[in-house]
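Accompanying notes for the structure given below.
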Amino acid sequence: MLDPRLFRSELELVQQQLKRRGIDFDAETYLGLENRRKDIQVKTQELQNERNTRSKAIGQAKGKGEDIQPLLDQVQDLGDQLKSAEAELGEIQARLNNIMEGVPNMLDAAVPAGKSDADNLEISRWGDLPQFSFTPKDHVDLGEPLGMNFELGAKIASARFVVLAGKLATLQRAIIQLMLDTHTNEHGYQETYVPFLVNADSLRGTGQLPKFEADLFTVKNDPAFYLIPTAEVPVTNIVRDVIVDAKHMPLKYVCHSPCFRSEAGAYGSDVRGMIRQHQFEKVELVQIVKPEQSAQAHEDLTNHAETILKKLKLPYRKVLLCAGDTGFSSSKTYDLEVWLPGQQKYREISSCSNFKDFQARRLQARWRNPETGKPELVHTLNGSGLAAGRTLIAVMENYQNADGTITVPEVLRQYMGGLDRID
RNA sequence: GGAGAGAUGGCCGAGAGGCCGAAGGCGCUCCCCUGCUAAGGGAGUAUGUGCCAAAAGCGCAUCGAGGGUUCGAAUCCCUCUCUCUCCGCCA
């Protein structure tokens, strides 16, 4: 959520910013509501003040043993007035809040203009594309003989699920281990284990609700649970309604979790293979930082994710998402795209975002600034470090051999009992 | 699943319809004093929010959450959530 005061004092700026995302903000409706809000809030608070003052007087009169009946008569109709004012105020605030919750974050100045991923800005490339003396297969063709079974996933659950057997399953676990070990031992993150079902408050805090409910799986319960679409949700919510001690910052968490996405609206895209599943494994990096540190933290966090690709010697490129492709809650996002020989394409394997105070405001996640002594909003960041399912695909495709076997990358062998080849 | 107890500020804890945004203690910050020194004294110390460009100031809201009773609710009533204890079941 953006700062409501920004809407009040700098509406044009907000409108301009939203235009970068291709959003036409309805200022007229907003202003109408906001003006009414101001009137009614002032009126309501005046009435409350009057009630409080008079009630206090009644109490004092009673204490002195005076006749309070005349005082009671005076406040008779106050209650009704207050009730209707409060009701109206509540309704207007709910409507304003609705509008505000639907407004995406302001983009960082560095974010390039553009409408779709075609307009994203390539920042760098790393690694040499592998040269094959044969036509490289994609992970589906490679995987099926090795224990990657989509039919079984469909039988057990539905399309967009997979069963991994044997060494492929182990390979994915090794990948996860490598990521966790690297981020905890080399990058200073604290490993975290969290609930994979969360409540609506948590999803509101990180921005998935109310706007993106269709992307989530819901679990019948009262109140409902949601399957996490990313560990970002439970992990970032660690600091919801918390005032973090400045001494403990930055907070850096790494968390491996399954992720569940309904992929509503993704019908027909990436239907083949493990690229887009309802359930996949991911190692997530989350940082809670002081505002002045978030830009640097964003670079660092992205580098931390890149480290994994480098350790695995997987060629990738780093792109800065353009205005139209940057997510709702993010102010600036780098995507890391890994080379997939089977598709002859770079595909997203990590998305690293600086949310600045957008999530923090929804979360009421703050820190106490020693200079002012006051609680101030923190900045939150997160990024995949990396998506494990897609990393598995990338390893398979980049390390494939002519005979359909897969060489195990050196850094992973320690996690696989020294195994150097999957066949 | 059954039975019971509880939820108050950073922490502990009082509070039983008005003088309570809340005693007292601990902790923390600042100041003072001091060679009876791992001591003493004093002051300060919740959050959100409205009016305001902002500060100051003046309000409003918040005692687990939501609703109700009342002129007035931390306090009474209802619903829910969470925590703890015991029993049952169980990875």
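If you're wondering where the values come from, they're calculated on a predicted model, not measured in any experiment. Just so we're on the same page: letters track the sequence lines, and every chain starts at 1. Below, all heavy atoms of this structure are taken into account, side chains as well, without hydrogens, waters or symmetry copies.
Nearest-nucleotide assignment on RNA chain B puts the 5′-proximal partner with A:Lys374, out of A:Lys38 and A:Lys374. If you find the closest nucleotide of RNA chain B to A:Glu46 and to A:Pro223, the one lying nearer the 5' end belongs to A:Glu46.
Across all strands shown, B:A46 pairs with B:U62; the Watson-Crick or G-U wobble distances both stay below 3.5 Å. As the counterpart of B:C52, no nucleotide is assigned, since no Watson-Crick or G-U wobble pattern has both distances under 3.5 Å. With both pairing distances under 3.5 Å, B:C76 is matched to B:G68 as a Watson-Crick or G-U wobble pair. The partner of B:C89 is absent, by the rule that a Watson-Crick or G-U pair needs both atom distances under 3.5 Å. Here B:G6 sits opposite B:C82 as a Watson-Crick or G-U wobble pair (both hydrogen-bonding atom distances under 3.5 Å). Across all strands shown, the partner of B:C11 is B:G25, judged by Watson-Crick or G-U wobble contacts whose two distances both fall under 3.5 Å. Across the strands present, B:G40 finds its partner in B:C32; the criterion is a Watson-Crick or G-U wobble pair with both atom distances under 3.5 angstrom.
OP1 or OP2 of B:C60 sits under 4.0 Å from a side-chain N or O of A:Asn49. At B:G50, one or more side-chain N or O atoms of A:Arg8 fall inside 4.0 Å of OP1 or OP2 (strictly under the cut-off). For the OP1/OP2 pair of B:A61 and a distance below 4.0 Å, the side-chain nitrogens and oxygens of A:Asn52 include at least one atom meeting the criterion. For B:U70, the OP1/OP2 oxygens have no side-chain nitrogen or oxygen of A:Arg54 closer than 4.0 Å. Within the 4.0 Å cut-off from OP1 or OP2 of B:U47, at least one side-chain nitrogen or oxygen of A:Arg368 is found.
When the C1' atom of B:G66 is taken as reference, atom CD of A:Glu86 falls 15 Å away, rounded to whole Å. The separation between A:Glu88 atom CD and B:G50 atom C1' is 16 Å, rounded to whole Å. Following rounding to the nearest Å, A:Met1 (CE) and B:U49 (P) show an atom-to-atom distance of 10 Å.
Among the atoms of the strands shown, base atoms are found under 4.0 Å from some heavy atom of A:Lys62. Within 4.0 Å of A:Arg361, counting heavy atoms only, lies no atom of the nucleic acid at all. Within 4.0 Å of A:Pro375, counting heavy atoms only, lie sugar-phosphate atoms of the nucleic acid but no base atom.
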| field | Steps toward ring pair (Phe, Tyr, Trp, His ring centres under 6.0 Å) verdict (A:Phe358, A:Phe328) | value | CA-CA 10 Å; A:Phe358 186 86; A:Phe328 179 80; 5.7 Å; yes

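Out of B:G50, B:A61, B:C71, the shortest distance to the side chain of A:Arg37 is found at B:G50. Set against B:C71, B:G59, B:U49, the side chain of A:Val75 has B:C71 as its closest nucleotide. Considering only side-chain atoms of A:Arg51, the nucleotide from B:G48, B:C71, B:G50 that sits closest is B:C71. Side chain of A:Ile58, nearest nucleotide from B:G18, B:C51, B:C60: B:G18. Nearest nucleotide to the A:Gln364 side chain, out of B:G50, B:G48, B:C71: B:G48. Side-chain proximity of A:Ser55 to the nucleotides B:G72, B:C60, B:A46 is greatest for B:G72.
Remark: A:Arg95 CZ is loosely packed, at most 12 non-hydrogen atoms of other residues, nucleotides or ligands lying under 6.0 Å away.
Evaluation of the salt bridge (Lys or Arg N to Asp or Glu O under 4.0 Å) rule for A:Lys220 yields no partner, not counting sequence neighbours.
With hydrogens and angles left out, the side chain of A:Gln45 and the base of B:G59 share a donor-acceptor pair within 3.5 Å.
A donor and an acceptor atom, one from each side chain of A:Glu397 and A:Gln343, are nowhere located under 3.5 Å apart.
Ring geometry, A:Phe161 versus A:His278: the interplanar angle falls from 30° to 60°, so the pair is classed tilted. Using cut-offs of 30° and 60° for the angle between ring planes, the A:Tyr189 and A:His187 rings count as perpendicular.
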